[in-house]
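Below you'll find the structure, written out as structure tokens, and then a few comments.
This one's a predicted model, so the numbers in the text were calculated from it and none came from an experiment. To find a chain, count down the sequence lines: A is the first, B the second, and so on, and within it residues start at 1.
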Amino acid sequence: MTGTHAPASLTIEDPLLEGQQSLTEVGSSIGGYVLDQKKQPPQWWFFFAIGFVLMTVLLYSIAYLFYMGVGIWGLNVPVAWGFAIINFVWWIGIGHAGTLISAILLLLHQKWRTSINRFSETMTIFAVMCAGMFPLIHMGRPWFFYWLYPFPNNMGVWPQFRSPLVWDVFAVTTYFTVSLVFWYIGLLPDFAFLRDRAKLKLQKIIYGVLSLGWRGSAIHWRRHEKVYLMLAGLGTPLVFSVHTVVSFDFAVAIVPLWHATIFPPFFVAGAIFSGFAMVIVLAIPLRKYYPSVANYITRKHLDYSAQVMFGTGMLVCFGYLCEIWFAWYSHSLYERQTTWQRMFGPYGWSYWILIFCNFVVPQLLWSRKIRHSDLWLMLISLVVLVGMWFERYVIVITLTREYIPAMWGNYAPTIWDWATMIGSLGLFTVLFCLFLRFLPMISMTEMRELLPKHEGGADGHSILENAP
Amino acid sequence: MADNTTTAVNLELWRSPEEWADTPEFRQMLTQEFPDDVEVWTDPVSRRHFLSIMGASLALAGVNGCSPRPMSPQKILPYTTQPQGMVLGVPNQFSSAITLNGVAAGVRVTSHEGRPTKIEGNPLHPGSLGSTDVFSQAAILELYDPDRSQALLHVGAPSSWDIATSTFKGDLEKLKAGKPANIRILSGTVTSPTLAEQIGKFSTRYGAKWIQYEPISRDDVSAGARLAFGTDLTPIYDFTKADIVVALDSDFQTAGPGAVRYSRDFASRRKIREAKSDGVSATEMSRLYSVEPMLTSTGAVADHRLPLKAIDIENFTRALAKKLDVAGTPAASALSEYATKWLDGLAKDLESRKGKSIVVAGDHQPAAVHALVHAINAHLGNLGQTVSLIEPIEAKPSEQLKDLAGLVNEMGEGKVDLLFIIESNPVFDAPVELKFAEALDKVGQRVHLGLYQDETAARCHWHINAAHTLETWGDARAYDGTVTIQQPGIAPLYDGHSALELFTNLSAAPGQDVQSALGVLKEYWAAKAGASDFELFWFEAVEKGVVPNTAAKKVDRNAVAGEWAKSAGPAVTSTGTEICFRADPTIYDGRFANLGWLQELPKPVSKICWENAALMSPKMAERLGIHAWPRWTAGERGRMEIEYVELTFKGRKLKVAAWPVPGHVDDSITLYTGYGRTKSGRVGNGTGYNAYELRTSDAFYSAGGLEIKKLDETLNVACTQAHHSMEGRKPVRITNARTMAEMKIKVAEGDEKAKETRKKAKAAFLKAMEPPVAAGEYELIKANVPGPHNNAIQPKKDDHDHKHDHDHDEEHHHAHDPRVVPLTMYPAMNNEGRRWAMAIDLSACTGCNVCMIACQAENNIPVIGKFEVTRGREMHWIRVDRYQSGAPDDAEAIATYFQPVPCQQCEKAPCEIVCPVGATVHSTDGLNDMVYNRCVGTRYCSNNCPYKVRRFNFLTYSDYITQSLKLGRNPEVTVRTRGVMEKCTYCVQRIRSAEIVAEREWSTRKKDPSGRPLIADGEIITACQAACPSQAIVFGDLSDTVTERTVINPATGAEHKVIGSEVNRWKTEPTNYALLAELNTMPRTTYLATVRNPNPDMPSKGA
């Protein structure tokens, strides 16, 4: 509505690209940051510095953890899983939006995805890295992590395939691999662009190697598009399978309120919910600090993301209602009492934080005005991220009070729990800053496709679609 | 020597061999033994290197000393000829005795290659019958405690036994010459006849006086007997014969001499067995009444419990005696309304069972109560029936407190020239007003013999490092006087010496050959035995652990002199707050303060550990403004935040943690002794608060006049279970004897009333026992599953078609009895081979925690310390849950239940399916195995265990460094490393050893139904089962239908022949249930419901 460069007649739909765009403009405004033609904004240094400090905290706390053992965390016997698993599920949830945006929206021909897919895919990869770290370090003897893989050995010992933790390993590993390959394939033409434009020898060599001999021939394009589409097809079920499998960690257990069939869809919706919140949290500063980027990531993108976030968020809240209903309908003393404990027990406060963050606050998104306000969107998304973290907290904390009242216990994180968790945020920040610095944050290829034909683009159609 | 008294005596442990090496004795030894190396030692740089080698060999000295018999130091070499009676890898067992307050517990010590590793009860010993208490179990840790005194010290510097004894002898001779010599011996209670004889010899020789003092003395018991009978007699009880037991502030099941035996005897009348089996029928169940201030194990399992202040118990006893018309009872003042009603019911019940009841008063009740109780027992005809009077078992009965006061007086006046303090710690535990420490400083020469360099050792000139009970020969009497020869299991690790050796040495004339302790012992018993073949007599006595015909003489006394009662004043009734000093249930009077096993063992009712606290009623805590219940940050298990209180008693102050105990009487504080040690060792120092700082001679056990103030300061208390309520769930199922009896009444034709009664009882029982656990419980299923019922779902008694080689007897159920087959839709698997299983009778469990410590000793379970316990990480494989019902602020309404929970060994184990690496798997015989070296520590199994019995090594809890502790470990159980899950294995090492033996004896053994060599019932006994004083735990093969045994009904004495394993028989009881059966985990460990036997005439507030 308030857009200055859009004529009043075009307010029905906000544009996907803003400003005067051309093939060269796209290349220089995105690639420029990578090839030192444009300076990183000072805020980059700010975030990098903070991230670096926190990453150091992470490294230190992991070193101490390996030296001492998981006893440095607040774990105990009724609550044998703590922050590590909460953080794992939280990060893996965040890692969902990337592939969803790239793969599913690609298959659904949602053109608006092109501006945000690169950084959200990157977000996915880094989030899965952060996530994957947690189950590894939470093990009592992490040096034997490879025992969870079915590798041939002369003892003839295999993993125990009935355990959801084994499925977890497969699911997360597969998801990470496919996401990484998908991301890399998408990057290929951009690498070639960078190789061609690079002035420094080192840049030429590195991007040259990374571009795998891309020459931009029609055959290359065709194959690229095909592979990309196939990987999108592969990635799509993975979006659902990963969090479904992660939810089995809980749903397969007999702990009251964990043992529920609703967990897989509920977890997937929750993952997309938090994933899109993270996309918004990352997109808003990008728009702000990289002025030219604001032309590619427009209000429209934010609005769509907010709508997806809101929709999945309400699905999640429906899940909360279902849980309560199940407990009542089950006629099980344990389910009912545990639900009651969850709401009004010693950790009841966390449940109400969760409801506030995931249900109450997102209601603001009904308003288009709020969806179009950077400040509001940023705040709501942050609240949603906190809320989704608390969702996992509430689930894990269920362990404090389950079957045997004599073993009802408590859980309190220690400074090391916090250090590891905040440190993982640092790791993510550092990785993301490095990404902004060394890789094109928006797909130049796809931006160019978005350009109208008279500007040398493809009117938003992929080459494959135009091919005979 | 005398001039040393003014010097500050510093007897700290020497910290390193360097320090030790600086003594003149060591230098002298060095020049003699290693003349070439002297220079190395005097050069500080190379000395260090040499010392490191020396240090290593010192550490090995312990190993070298490992020998089934004391022997001279030898090189470690593999045996070329195997020593007789020892097969490498096969542990030996030898009989011995472990004493507490002088009273022996008969034990069998398991020894691996000469290293004692585990204590079991001696089945032949009357005080044990195969069970133990917590203290005996911990003796292993005491033996290997690295903080034990390892050197004989003179004024802080290492000396030697020869120097010490020759110095003493010289001094003694000198003192004897000059007149008058004042030589005193202060020891704990001694029952050892041989030691008493040697002390006697010594005393005669030098005119010494012998004083005994125990901080937990039984002075009042003997004083009470003197009042009642005019002479020193000790009552002992036969609980198997008692229909009614009244415990007046008595915790006879867990405290005091004979508790282990009493617990078993009492429980034998509480275990209900419908099948003619090893128990009683519902109508024969005994009934327990308890009157006490603090909830004890005995009070907790009582059918009726009246919370009453300790000082009001005398009045109550008078009222009871009056009610029963005991002649010459002094007047009693009025009781509360509830107590009066209670008393009426009790008196009526007692009168109905004359000669078949026991009234027992606690050791800490005044003499008047004991005298009254004797009068009541005499009046009821119990004397000679259920209560026997025996001659005192103490070698020299004495009034300990009076004697101690006399001694301190003499000491204070500087009259004592030489004082031997033998294995006691009066500087720490003597009544505070005596100022023992100050008086001690005025003694010319002070000698301390003890296991630790404790508070008393620090103030003595000489400290002789004592040999541990398991390192030395001796003898001691059981609660009934039976003598046990205390046989050493290992040569003294640190060259310690026993009191017997000391006095044998000192009583010998100068120049005379000194006999060994064994020599003296044999000489004494050779004279006593009068056997023609003494060597045979001796061999048998040592082997069996019981010297025949040594039980104390029973004295037949029926009349009770009532003279004292006439002069008795009005009963003391209390106003204001009283304080009760009681022996700590785990570290006792403080002597066990350095034993981590006992420190970490939760107190039976309060479940706190590593600490004592001012135990009080929740009502009182509320009145004081103490936050009686944990705050949300503190949670319910592990860390509990609570305020300090300041106790002011007779002008002395003590800051101590407050702790509310539902069931504790109002206006009363119970404070356990033994904490607040400063020189107990690294483990015990600084734990808890020193109750002795308030304890005076005239308020030895309980007294009024305590002031209490809340302090605005909180602390964290380690508590393994603060939650009391069962939350409407039924982890413990409860029923009563009456319902069980009415359920089985025979109804005559047309007797509608009886029919109705039976129907009602049946319904009540079924309600208590739901949900069902086994396929055989058709009645329960019918009662709980709505809809029409088809008899087809009820499995037939023999739902199988294989051939039998044995008869089907109606009386004896079969292994395929559907009552031992879990309830499942799937075809039952593996019901043919061995099926290990456990059953725990909750009616018998007193919550004494012996199972926990026995398990800890057997399975190398680490101690983790208070901080880790506050984080909810204690490692005990078996825990005892405590539940309470009733309003917490009404002590009279509280009912308490205990439930030991080991791994339930589920047939459908939730832990197994979630382990990603298959580190926990099922064995064919039904064990839920834990493969430590496969575990990667995801802890998923713990989350998925509904019983929460899995324990995780969050940090490196096992001590891999301390050499001496390694000696005490069970070599058959892995020491678990950090990051690994562990849990109860049903003592799998014991199962497998028995299987190996059985397989080896294949040809000679009877075969079990599956064709394998039969492992007879009782051949495998788990550690918890063996130790359990009340025999509440049974373990065995569920498929065993071959074992035959004759059992005796303790109530009637009738004998029955039973077939099948005991666990099989227990599991077919109607009270058998599985914990969380509704989850269908099909546990192999099941419980027999708590059966209480309330008297319908009694007022009742509780459940």
* With a 4.5 Å cut-off on heavy-atom pairs, point out which of Gly979(B), Pro916(B), Gly937(B) contacts chain A the most. => Pro916(B)
* To do: Classify the ring geometry between Tyr60(A) and Tyr64(A) as parallel (under 30°), tilted (30 to 60°) or perpendicular (over 60°).
  => parallel
* Indicate yes or no for a side-chain donor-acceptor contact from His724(B) to the backbone of Tyr883(B) under 3.5 Å, with no hydrogens or angles considered. => no
* Asked: Checking heavy atoms, do the side chain of Trp143(A), its backbone, both or neither come under 4.5 Å from chain B?
  -> side chain
* Measure from the side-chain N and O atoms of Asn76(A) to the backbone N and O of Val79(A), and report whether any donor-acceptor pair falls under 3.5 Å. => yes
* Structure fact -> Cut-off 4.5 Å, heavy atoms of chain A, and the answer for Ser725(B) is backbone
* Can you tell which of Val70(A), Val166(A), Ile85(A) has the highest number of heavy-atom pairs within less than 4.5 Å of chain B? -> Val70(A)
* Quick one: what part of Ser332(A) sits under 4.5 Å from any heavy atom of chain B, side chain, backbone, both or neither? -> neither
* To do: Sort Tyr149(A) into side chain, backbone, both or neither according to what part of it lies under 4.5 angstrom from a heavy atom of chain B.
  => neither
* Indicate the atoms forming the closest heavy-atom contact of Thr339(A) with Ile324(A), along with that distance. => CG2-CG1, 4.4 Å
* Would a line drawn from the ring center of Trp81(A) to the ring center of Tyr411(A) be shorter than 6.0 Å? -> no
* Please, which pairs that meet salt bridge (Lys or Arg N to Asp or Glu O under 4.0 Å) have at least one residue in residues 322-339 of chain A, sequence neighbours excluded? -> Glu323(A)-Arg342(A)
* Could you look at Gln899(B) and say if it's the side chain, the backbone, both or neither that has a heavy atom under 4.5 Å from chain A? => neither
* Asked: Who among Asp881(B), Ile913(B), Val917(B) has the most heavy-atom pairs with chain A under 4.5 Å?
  -> Ile913(B)
* **Contact winner vs chain A - Arg879(B), Gln721(B), Arg934(B), His723(B), heavy-atom pairs under 4.5 Å** => Arg934(B)
* Examine whether an atom of Pro946(B) lies under 4.5 Å from a heavy atom of chain A, and if so say whether it belongs to the side chain, the backbone or both; otherwise answer neither. => both
* Structure fact -> The interface call for Leu136(A) against chain B, heavy-atom contacts under 4.5 Å, is neither
* Interface moiety of Tyr67(A) toward chain B, non-hydrogen atoms closer than 4.5 Å -> backbone
* **Portion of Tyr940(B) that has a non-hydrogen atom of chain A nearer than 4.5 angstrom** => both
* To do: Heavy atoms only, distances under 4.5 angstrom: which of Met139(A), Met407(A), Met68(A) has the most pairs with chain B? Name it, please.
  => Met407(A)
* Return the option, out of Gly918(B), Gly872(B), Pro910(B), with the maximum number of heavy-atom pairs under 4.5 Å with chain A. => Gly872(B)
* For each of Val921(B), Leu1079(B), Thr720(B), tally heavy-atom pairs with chain A at distances under 4.5 Å, and name the one with the top tally. => Leu1079(B)
* Structure fact -> In Cys945(B), Cys915(B), Cys941(B), the residue satisfying side chain to side chain contact (heavy atoms under 4.5 Å, CB included) with Met981(B) is Cys941(B)
* To do: Could you walk me through whether Phe390(A) and Trp352(A) pass ring-ring contact (aromatic ring centres under 6.0 Å, His included), step by step?
  => CA-CA 10 Å; Phe390(A) 267 101; Trp352(A) 298 112; over 10 Å; no
* Using a cut-off of under 4.5 Å for heavy-atom pairs, which of Arg871(B), Glu1078(B), Glu874(B) has the most such pairs with chain A? -> Arg871(B)
* To do: Return the orientation label for the Tyr393(A) and Tyr347(A) ring planes: parallel under 30°, perpendicular over 60°, tilted otherwise.
  => perpendicular
* Asked: Where do Thr977(B) and Asn953(B) land on the side chain to side chain donor-acceptor pair (under 3.5 Å) test, with the steps shown first?
  -> CA-CA 7 Å; Thr977(B) 171; Asn953(B) 289 277; over 6 Å; no
* From Thr400(A), Leu399(A), Thr398(A), residue fulfilling side chain to side chain contact (heavy atoms under 4.5 Å, CB included) relative to Glu402(A) -> Leu399(A)
* Asked: Is it the backbone or the side chain of Arg950(B) that comes under 4.5 Å from a heavy atom of chain A, or both, or neither?
  -> backbone
